[in-house]
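Reviewing the structure listed below.
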Amino acid sequence: MEPQKKEGLIIRSQGGFFQVRTGDGAEYACRGRGRFRKEETQLLVGDRVEVQPSPDGSGFITGLLPRRNSLIRPPVANIDRLALVVSAQSPAPNLLVIDQLTAIAARREIPVVMVFTKTDLADMSDLAELYRRAGYPVHLVDSLSGQGVPEVRQLLSRGITAFCGNSGAGKSTLLNAIFPDLGLATGEISRKLGRGRHTTRHVELFPTGGGGWIADTPGFSAVDFLQFERMPPEELEACFPEFAPYLGKCRFTGCSHRVEKGCAVLAAAEAGEIAQSRHQSYRAIYEELKSVPEWER
């Protein structure tokens, strides 16, 4: 008699196998049924699935539960928050890259939390206030002294958190400060794979110990906006939450919020109600999206 089907979470994907952890704490090395290939459905780390386990610890994924959201790179689903790690120095913050990432997350309906690291090297209060005014929670962290670490640890105690940030931004230092064993596990995986640090072929969820999960996302900071989020440029306005109070108040319908007379968004930016840097990023991303032929979107 076959064991009963169970629901579980895909915590690792590699080489056509999916490691699934079920609600009772058991793990199974599963393959997907052929129908997923026929339907061209890609199973992702973070997916909630139905599995048919075997007594030997293997099994088959027989069903996919509805997804709340997903990312193309890294390939991960059902993210509760994207923790965007930004360092005060070495490297200095790249506001366009930050705003590309927040726009992608907004498009995918993934909440963003800003984590500013190396705050002992430079004053980040102005930048923190800029993003708070744009609607994003901000945590200021000095991983070496431990300042701000408990707040981030609390943040990670529930749901699935995907981390992203430039190399050198202090992501690994922060994670090691919170979970000393995590860096060792991640390093071992990298050595076994024999690949560079920035590969996204291998995705894995690491348990935080309190019911939460971390999806470490090396390489996600090297964003090519057009490659990963091709949308009509007129839909970009919805990806900047601070624009919301001004949308629909422009003089002309179909306003692109770049140079038009009577644009409420442009007027808000000029008045300091919307950060100039955010509006500049919006214009740069809009031009990128506009350059893509409509048939490619």
Side-chain angles (χ1 to χ4, degrees), residues 9-14 19 21 45-46 71 73-91 93-94 97-98 101-102 105 110-122 124 128 131 136-193 195-223:
L9 174 70
I10 297 179
I11 62 172
R12 184 168 62 250
S13 169
Q14 191 173 17
Q19 194 75 10
R21 179 176 292 189
V45 167
L71 286 172
R73 177 181 179 185
V76 60
N78 297 318
I79 302 168
D80 291 281
R81 69 196 61 83
L82 181 69
L84 183 50
V85 181
V86 180
S87 58
Q89 290 183 7
S90 303
N94 184 323
V97 170
I98 293 171
L101 288 166
T102 59
I110 301 170
V112 170
V113 176
M114 302 278 187
V115 182
F116 290 173
T117 61
K118 304 183 185 180
T119 55
D120 57 315
L121 300 180
M124 297 283 279
Y131 281 100
Y136 300 101
V138 178
H139 295 269
L140 299 174
V141 172
D142 178 357
S143 300
L144 298 180
S145 71
Q147 178 185 349
V149 170
E151 289 80 4
V152 179
R153 183 184 294 116
Q154 178 65 27
L155 179 73
L156 302 179
S157 65
R158 61 193 187 280
I160 296 175
T161 304
F163 269 76
C164 65
N166 283 329
S167 297
K171 181 176 61 176
S172 297
T173 303
L174 173 62
L175 290 176
N176 283 333
I178 301 172
F179 308 107
D181 296 334
L182 188 62
L184 176 62
T186 307
E188 285 176 348
I189 289 167
S190 297
R191 285 194 294 273
K192 286 178 181 177
L193 291 174
R195 302 190 184 117
R197 289 177 56 198
H198 303 293
T199 180
T200 57
R201 295 178 184 174
H202 176 89
V203 181
E204 182 166 2
L205 298 182
F206 296 94
T208 65
W213 298 87
I214 292 172
D216 197 14
T217 57
F220 187 40
S221 58
V223 166

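One-based numbering along the sequence shown.
- Listed here is the closest heavy atom pair of I160 and G46: CD1-CA, 4.1 Å.
- With D80 contributing its side chain and T161 its backbone, the two residues share no donor-acceptor pair below 3.5 Å.
- The distance from the CG atom of L140 to the OG1 atom of T119 is 6.0 Å, given to the nearest 0.5 Å.
- One distance of note links CG of L71 with CD1 of I79; it measures 4.0 Å at 0.5 Å rounding.
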Please tabulate, one pair per line, all N/O donor-acceptor pairs under 3.5 Å involving side-chain atoms of residues 146-156, not counting sequence neighbours.
none

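- Every residue two or more places apart in sequence or in another chain was checked for a salt bridge (charged side-chain N to carboxylate O under 4.0 Å, His left out) with D142, and none qualifies.
- Contact record, R81 with G159: NH1-C, 4.4 Å, taken as the closest heavy-atom pair.
- Counting all heavy atoms, side chain and backbone alike, V86 lies closest to P93 at CG1-CB, 3.8 Å.
- The closest side-chain heavy-atom distance from V45 to P75 is not below 4.5 Å.
- A distance of 6.5 Å separates CD1 in I11 from CD in E204, rounded to the nearest 0.5 Å.
- Listed here is the closest heavy atom pair of C164 and L82: SG-CD1, 3.8 Å.
- Side-chain contact between W213 and L9: present, with at least one pair of heavy atoms (C-beta onward) separated by less than 4.5 Å.
- In terms of the side chain to side chain donor-acceptor pair (under 3.5 Å) criterion, N78 has no residue partners (sequence neighbours excluded).
- Here the closest non-hydrogen pair linking P137 and V112 is CD-O, 3.4 Å.
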(message) Between Y131 and I98, does the side-chain contact (heavy atoms from CB on, under 4.5 Å) criterion hold? Intermediate values first, please.
(response) CA-CA 10 Å; Y131 281 100; I98 293 171; 3.5 Å; yes
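- Atoms CD and CG, on Q89 and D120 in that order, are 9.0 Å from each other to the nearest 0.5 Å.
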(message) Apply side-chain contact (heavy atoms from CB on, under 4.5 Å) to residues R21 and R12 and explain how you reach the verdict.
(response) CA-CA 9 Å; R21 179 176 292 189; R12 184 168 62 250; over 6 Å; no
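- Between the CE atom of M114 and the CG atom of L101 there is a distance of 8.5 Å, given to the nearest 0.5 Å.
- Judged purely by atom type and a 3.5 angstrom limit, T117 has no side-chain atom pairing as donor or acceptor with the backbone of V141.
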